[in-house]
Number of protein chains: 2
Amino acid sequence: MQHIEPSVEKRLAAEGIRLTGGRRQTIATLAAMGGPRTAAEIHSETGDSIPLSSLYRSLAVLTDAGILASHHGSDGVIRFELAEWFTGHHHHLVCVECGAVFDVIPTADQERRMARLVEEMAAGTGFAAAGHRFEIEGLCSKCR
Amino acid sequence: MQHIEPSVEKRLAAEGIRLTGGRRQTIATLAAMGGPRTAAEIHSETGDSIPLSSLYRSLAVLTDAGILASHHGSDGVIRFELAEWFTGHHHHLVCVECGAVFDVIPTADQERRMARLVEEMAAGTGFAAAGHRFEIEGLCSKCR
DNA sequence: GCTGATAATAGGAATCATTCTCAATAAATG
DNA sequence: CATTTATTGAGAATGATTCCTATTATCAGC
């Protein structure tokens, strides 16, 4: 966690955003939990020390600043995790039973093949492709 | 649209589910609209003739029965469309600006390559992969 | 064509994640 | 230290979705 703080601080400073205690704790908690987490999960993990309204606000600010990334899960709940410049580019395994999400890191070759698919499929649609999102749906080891 | 009704009827009958007027209209509207649509969109498209509560219930029943498929968009809203056995297997182009979703149909070869990626990435994770979801994010022709 | 059993609907209330409001507080700047 | 501006906290508000209950439609068998 220590090693990410300087870069976070720098990035926030560049946008005139303060790294306050609550935000620091939010980031640290997410880093410790190590996967996409909901606001409620973060909230209870921190022992309710950050009010939900503040937590949501912090999550939005940090996501905006590119520190965090957010994903809307198939259960309609938003999950947050450290942005890819911390975690490395990755995709998700989603449990269709319990909604849990796990990270999976593609090899360079896999990612190259995926990028090619994006290119091919967006070609000739009038759509300016900016990124992609690849989720593998199935049952996690607990639910299967 | 006519050509899908018999198969829908058959499928619902097989599960002991009635094809009522409201459900018929819901399916027809979705077929006519031709992409993933929100409950609100369907509701206003049908001129508010189906109460939202009934519409939601119908959408849930039809999704359960495999007639429709649902997707949680990045704007936190659920969109419904005809299941893939009507539309063919496809993926989505998602506009990050306005949230609109468009279908894109992969070639057999593209799909084969994608399936291989799923296999490779799920291997050795303790995860039983059942499907995948591939979204290309970008700007639609209106928003770019 | 009835009748009874069951499924479906309408309408409104309830839920729940998320967002907003605004007064109070903290942080940075000079 | 004072000032300005960002941030927080607490609760209210929002909005999509779900739940509840009485009423209504549908189907199977007579």
Side-chain angles (χ1 to χ4, degrees), chain A residues 5 8-27 29 36-65 67-80 98-101, chain B residues 5 8-27 29 36-65 67-80 98-101:
Chain A
E5 280 231 349
V8 167
E9 206 153 351
K10 200 170 149 197
R11 183 141 184 170
L12 288 179
E15 313 201 24
I17 295 171
R18 296 176 187 160
L19 180 55
T20 62
R23 290 175 185 169
R24 205 183 302 262
Q25 191 180 358
T26 302
I27 295 169
T29 303
R37 303 294 170 171
T38 66
E41 285 168 347
I42 299 167
H43 181 242
S44 76
E45 179 76 11
T46 58
D48 304 19
S49 66
I50 303 171
L52 267 180
S53 62
S54 300
L55 180 54
Y56 272 110
R57 209 159 357 87
S58 290
L59 290 170
V61 167
L62 293 172
T63 301
D64 238 47
I67 309 293
L68 304 181
S70 69
H71 312 282
H72 286 255
S74 55
D75 52 359
V77 175
I78 306 177
R79 283 159 214 273
F80 297 86
C98 67
V101 183
Chain B
E5 278 232 351
V8 167
E9 207 153 349
K10 201 169 146 196
R11 181 140 185 171
L12 288 180
E15 312 202 24
I17 296 172
R18 296 175 186 160
L19 181 56
T20 62
R23 290 174 184 172
R24 204 183 304 261
Q25 192 180 356
T26 301
I27 295 168
T29 303
R37 302 293 171 173
T38 67
E41 284 169 347
I42 299 166
H43 181 242
S44 75
E45 179 76 12
T46 58
D48 304 17
S49 66
I50 303 170
L52 266 181
S53 62
S54 301
L55 179 55
Y56 271 110
R57 210 167 352 88
S58 290
L59 290 170
V61 167
L62 293 172
T63 301
D64 239 45
I67 310 292
L68 304 181
S70 69
H71 312 283
H72 287 255
S74 55
D75 52 1
V77 175
I78 306 177
R79 283 158 214 274
F80 297 86
C98 67
V101 183

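Per chain, numbering begins at 1; letters A, B, ... match sequence-line order.
- One interatomic measurement links the two molecules: CG of L12(A) to P of dA28(C), which rounds to 12 Å at whole-angstrom precision.
- Here the side chains of E41(B) and R79(B) are in contact, with some heavy-atom distance below 4.5 Å.
- For the atom pair L59(B) CG and I78(B) CD1, the distance stands at 9.0 Å (nearest 0.5 Å).
- In this structure, L12(B) and R18(B) have side chains that are not in contact, with every pair of non-hydrogen atoms separated by 4.5 Å or more.
- One atom, CG of D64(B), and another, P of dT18(D), lie 11 Å apart when rounded to the nearest Å.
- Between the C1' atom of dA7(C) and the CG atom of L62(B) lies a distance of 14 Å, rounded to the nearest Å.
- Side chain of T26(A) to backbone of G22(A): a donor-acceptor contact under 3.5 angstrom is found.
- With rounding to the nearest 0.5 Å, the separation of CG in L62(A) from CG in L68(A) is 4.5 Å.
- One atom, CG of L55(B), and another, C1' of dC19(D), lie 16 Å apart when rounded to the nearest Å.
- Judged purely by atom type and a 3.5 angstrom limit, R11(A) uses its side chain to pair as donor or acceptor with the backbone of A65(A).
- When distances run from any side-chain atom of P51(A) to the nucleotides dT7(D), dA10(C), dG9(D), the shortest one goes to dG9(D).
- Here the P atom of nucleotide dA6(D) and the CD atom of E15(A) are 14 Å apart, to the nearest Å.
- One can place CG of L19(B) at 17 Å from P of dA25(D), the figure rounded to the nearest angstrom.
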Going 5' to 3' along nucleotides 16-23 of chain C, which nucleotides have protein heavy atoms under 4.0 Å from the base (write B), which only from the sugar-phosphate (write S), and which from neither (write -)? -SBBB---
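- Here the C1' atom of nucleotide dT9(C) and the CZ atom of R24(B) are 16 Å apart, to the nearest Å.
- In this structure, the nucleotide among dA26(C), dT6(C), dT8(D) sitting nearest to the side chain of R18(B) is dT6(C).
- At dA8(C), one or more side-chain N or O atoms of R23(B) fall inside 4.0 Å of OP1 or OP2 (strictly under the cut-off).
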